[in-house]
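Labels below follow one simple rule: chain letters A, B, ... track the order of the sequence lines, proteins then strands, and each chain is numbered from 1. Worth saying up front: this structure is predicted, and the values here are computed from it rather than measured.
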Amino acid sequence: MPNVRLPDGSVKAFPGPVTVAEVAQSIGAGLARAALAGRVNGKLVDTSHRIESDADLAIVTDKEPDGIEIIRHSTAHLLAYAVKELFPDAQVTIGPVIENGFYYDFAYKRPFTPEDLTAIEKKMAELAKRDIPVAREEWDRDKAVAFFKSIGEEYKAEIIASIPAGEQISLYREGDFVDLCRGPHVPSTGRLKVFKLMKVAGAYWRGDSKNEMLQRIYGTAWTKKEDQDAYLHMLEEAEKRDHRRLGRQLDLFHVQDEAPGMVFWHPKGWALWQSVEQYMRRVYVDNGYQEVRAPQILDVSLWKRSGHWDNYRENMFFTGSENRDYAVKPMNCPGHVQIFNTGLRSYRDLPLRYGEFGQCHRNEPSGALHGIMRIRAFTQDDGHIFCTPEQIEPEVVAFHALALKVYADFGFTDVAVKLALRPDKRLGGDAVWDQAEAALRAALGRSGVEWEELPGEGAFYGPKIEYHLRDSIGRSWQLGTMQVDFMMPERLGAEYVAEDNTRKVPVMLHRAIVGSMERFIGILIEHYAGALPLWLAPLQVVVANISEHQADYAAEVEAGLRAAGFRVAADLRNEKISYKIREHSLQKLPYQVVVGDKEKAAKMVAVRSRTGEDLGQMSLEDFVGRLKHEGVPGGTA
RNA sequence: GCUGGCGUAGCUCAGCUGGUAGAGCAACUGAUUCGUAAUCAGUAGGUCGGGUGUUCGAUUCACCCCGCCAGCACCA
């Protein structure tokens, strides 16, 4: 005789075991219709779940996150059901929920086409409309393996076979389709009303590139049509701020076939680059770094000593001359160690901080290239700090604060911190890695941030803190990093004289804030949809005359603004003012200055902001004052 | 690198089943001298990504290569 306690604290007593659906029905017909699942003592279950004894119960509807997750999960199963209906010899594998939707991986003799997707989606809609019950069944593991083998589902059998023997497993049956699943699922397919298949692409079985490639169908699913429409609209808007499109529209850079993964920077793009670089140079100077510059190529023997030859060779470019082999640098660290090594260093010199805008070449797999975000020739704001073990923590703490300050100056406040731990392929013993990982954890702890740990994702020479930012369509990109390295200084012979007059090997901290300049600029472009803050805008002001009569005055205003230190151009073309304004608006210029006879006579300028607001007439001095106030890092438009 | 898709004028794209290419915008020339998101008229512009093959004939079909896009794998 179970007593069921509901979220509002009320308790309902039942004469015998009841299902979640029956409890919902006893509360109200509307709730019964809305019930997707239940949460019994905090655990998600189907609406068919029987409550045998006293329990806490919440009815899960599509109003809460768990509800929409269940809908997406069940839609993934509906997709598999539809595929099996249309392509009976396709094999099912897994179909998890992802952000905004789901996917399902299939093995099939031929690739699915866009036409197949349309047909599958239609079949899904049909199966949903038939409102087929979804029933949970408990099976013995070995029987389930035998069953899936008997119906030709080898992948499914393999998955189940990896579950511990003797364990009960759950299967879900909807119509003729049976799938292994932990659940819970919606009670019937009729609950699945708003979904859309998005794309099909290859994906490796069990995520391993050594395995065969399956076909992954991606879909999105929602509880309300409006939510899905909003999501699709968001994707369209995101496409408009794609840095590749804006890079062309705003004439910032281009890439071409002859230089895959390498960027041609145009004057405007390079002006943006310089704004970022000069800012970061200031950051070096203000924070105790000395800027250095090391060669682009170095003899291979150095890369053998550093460990790159053994651990990073497949990503490196090589060249040769007069029987010597060189490697184009993929990282700046070995070069900085050479500079460190040129003098006898004392413990008094530490921490010694070098910074470089170092261009690196990495031979990335062709499939990884993406606009200017993922390229083969990129420039890092790379710094290396040589220090003692005791100095690690304060240096990391200081770096963390600095990195967040820089991100905020560029307008980013949503930064995820991750800690990447020892990879399989690495230098050094476990004791050293324990020490390095502990040092980073301690520093993050002292910085008072939350972080996610990523086992196996560290660099081959040390663990790293990673700073991740999301782009406009939700992709996450790593920008900054802080890595502790006990290995490379020793391998490359770095040492200093300690207080006790012995020679010791310094610890090296590898750090970058914006990471790749190219990637960072790509993210900036997307983040601002091309409408960069004044201090970063390649061209800050255009002075446009109404007609030829004010050409001289317009040129005078242009000269005045340039003398005040702004990036300015005059538009003296024989075009209507509305035409000029449209063009410069499309170029997302922060300010447009219009000068006609009235302004010329009054020695004023008429200012139009990027938002289209007419700021009226003002003196050039007042306008310069406004620009100076706004045009600083962190300044807002 | 893997799976799939794509590659036509500076940009965005048309171009059924093979018969040597078209639009809009941009560019250029001329006219217009204009008050806050497109003035009018005209002109020019393409070895259809590269190669090989099939064919009387290939932008169109086949194969190979290069590049791009999506995803996977990899990663700053």
Side-chain angles (χ1 to χ4, degrees), chain A residues 103 105 110-114 116-117 198-218 239 242 244-245 248-249 251 254-261 312 314-315 330-332 358 360 362-382 420 457 459 464 466-468 477-481 483 510 512-520 522-523 544-551 572-587 592-599 606-609 612-616:
Chain A
Y103 67 76
D105 287 348
R110 66 162 179 84
F112 291 123
T113 65
D116 292 336
L117 241 57
M198 303 296 283
K199 59 196 166 198
V200 57
Y204 297 108
W205 167 235
R206 300 203 145 169
D208 189 334
S209 61
K210 288 193 278 296
N211 290 342
E212 63 273 31
M213 188 161 267
L214 307 173
Q215 292 186 70
R216 177 169 297 176
I217 296 176
Y218 285 89
E239 213 172 291
D242 187 309
R244 293 165 297 191
R245 176 201 281 245
R248 194 165 40 236
Q249 280 171 358
D251 195 19
H254 85 269
V255 290
Q256 65 186 48
D257 284 5
E258 289 83 351
Y312 209 72
E314 65 275 20
N315 287 309
M331 297 184 191
N332 301 300
C360 296
R362 295 185 187 173
N363 196 3
E364 299 290 341
S366 57
L369 303 180
H370 176 90
I372 65 171
M373 302 285 214
R374 195 66 196 277
I375 53 183
R376 290 190 175 136
F378 61 98
T379 305
Q380 289 178 307
D381 65 317
D382 204 1
E457 307 231 335
K464 56 183 179 178
E466 300 176 350
Y467 294 83
H468 291 256
W477 297 99
Q478 181 185 326
L479 273 80
T481 181
Q483 312 172 5
H510 305 244
I513 297 180
V514 305
S516 151
M517 291 285 285
E518 287 84 352
R519 169 178 299 180
F520 185 63
I523 292 171
N545 56 339
I546 300 279
S547 72
E548 211 175 319
H549 311 299
Q550 310 92 30
L572 306 179
R573 292 175 304 171
N574 178 15
E575 295 289 352
K576 286 171 67 169
I577 193 65
S578 55
Y579 179 85
K580 295 183 185 181
I581 284 172
R582 176 182 155 78
E583 277 204 343
H584 300 128
S585 299
L586 290 174
Q587 286 293 306
Q592 299 184 49
V593 164
V594 174
V595 294
D597 286 333
K598 282 180 285 188
E599 286 76 19
V607 180
R608 182 191 163 99
S609 75
E613 192 188 353
D614 184 353
L615 302 176

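The distance from atom CG of D242(A) to atom P of C68(B) is 14 Å, rounded to the nearest whole Å. One can place CE of M213(A) at 12 Å from C1' of A70(B), the figure rounded to the nearest angstrom. If you measure from atom CD of E314(A) to atom P of A73(B), you get 18 Å, rounded to the nearest angstrom. If you measure from atom CD of E258(A) to atom C1' of C65(B), you get 14 Å, rounded to the nearest angstrom. Here the P atom of nucleotide C34(B) and the NZ atom of K598(A) are 13 Å apart, to the nearest Å. Atom CZ in R376(A) sits roughly 17 Å away from atom P in C74(B) (whole-Å rounding).
Looking at the side chain of L369(A), the nearest of the listed nucleotides C68(B), C74(B), C72(B) is C68(B). Comparing A37(B), A73(B), G35(B) by their nearest atom to the side chain of L586(A) picks out A37(B). Side-chain proximity of R374(A) to C74(B), C2(B), U39(B): nearest is C74(B). The Y204(A) side chain lies nearest to G1(B) when the options are G67(B), G35(B), G1(B). Listed nucleotides C72(B), A76(B), C34(B) differ in distance to R216(A); the shortest reach to its side chain belongs to C72(B). Taking every side-chain heavy atom of R362(A) into account, A76(B) is the closest of A76(B), U36(B), C2(B). Relative to the side chain of H370(A), the nucleotides A70(B), G35(B), C68(B) differ in distance, and A70(B) lies closest. Taking the side chain of S547(A) as heavy atoms from C-beta on, and the options U33(B), A38(B), A37(B), the nearest nucleotide is U33(B). Closest to the side chain of R248(A), out of G1(B), C11(B), A76(B), is C11(B). Closest approach to the Q380(A) side chain among A76(B), G1(B), G71(B) is made by A76(B) (side chain taken as heavy atoms from C-beta onward).
A distance-only check finds a donor-acceptor pair linking the side chain of R362(A) to the backbone of P330(A) [under 3.5 Å]. No side-chain donor-acceptor contact under 3.5 Å links K580(A) to the backbone of V594(A).
Look at R608(A) and you'll find a side-chain N or O under 4.0 angstrom from OP1 or OP2 of A37(B). OP1 or OP2 of U39(B) has at least one side-chain nitrogen or oxygen of K576(A) nearer than 4.0 Å. Contact check, T481(A) against A76(B): no side-chain N or O comes under 4.0 Å of OP1 or OP2. For the OP1/OP2 pair of C11(B) and a distance below 4.0 Å, the side-chain nitrogens and oxygens of R244(A) include no atom meeting the criterion. The phosphate of A76(B) (OP1 or OP2) has a side-chain N or O of K464(A) nearer than 4.0 angstrom. Between A26(B) and Y579(A), a contact under 4.0 Å exists linking OP1 or OP2 to a side-chain N or O.
The residues D208(A) and R206(A) are annotated as not salt-bridged, no charged nitrogen and carboxylate oxygen being separated by less than 4.0 angstrom. A salt bridge links E466(A) with K464(A); the closest basic N to acidic carboxylate O contact falls under 4.0 Å.
D597(A) comes within 4.0 angstrom of a base, heavy atoms only. Within the nucleic acid shown, K210(A) has no heavy atom closer than 4.0 Å to any nucleic acid atom. Residue contacts for V200(A): at a heavy-atom cut-off of 4.0 Å it reaches no nucleic acid atom on any strand shown. Looking at heavy-atom distances under 4.0 Å, L479(A) makes contact with sugar-phosphate atoms alone, never a base. G207(A) comes within 4.0 angstrom of sugar-phosphate atoms only, judged by non-hydrogen atoms across all strands, and of no base. Nucleic acid contact class of A606(A) (heavy atoms, under 4.0 Å, all strands): base. Across all strands shown, E599(A) has heavy atoms under 4.0 Å from base atoms, whether or not it also approaches the sugar-phosphate. Using a 4.0 Å heavy-atom cutoff across all strands shown, I577(A) reaches sugar-phosphate atoms only and no base atom. The residue S366(A) sits close to a base: some heavy atom pair falls under 4.0 Å. Note on G522(A): nothing from the nucleic acid sits closer than 4.0 angstrom, heavy atoms only.
Residue-to-nucleotide proximity on RNA chain B shows that, of A459(A) and Q215(A), the 5′-proximal contact is made by Q215(A). Ranked by how close their nearest RNA chain B nucleotide is to the 5' end, H549(A) and E518(A) are led by H549(A).
Side-chain atoms of E364(A) and base atoms of G1(B) include no donor and acceptor less than 3.5 Å apart.
Counting non-hydrogen atoms of neighbouring residues, nucleotides and ligands closer than 6.0 angstrom, the CD atom of Q249(A) exceeds 12 such neighbours.
Using Watson-Crick or G-U wobble geometry with both donor-acceptor distances under 3.5 Å, G57(B) finds no partner in any strand shown.
With sequence neighbours left out, N211(A) forms a side chain to side chain donor-acceptor pair (under 3.5 Å) with no residue at all.
Contact detail for Q215(A) and F112(A): the closest heavy-atom pair is OE1-N, 2.5 Å.
Under the stacking criterion of a centre-to-centre distance below 5.5 angstrom and an interplanar angle below 30°, Y218(A) is not stacked against the six-membered ring of G71(B).
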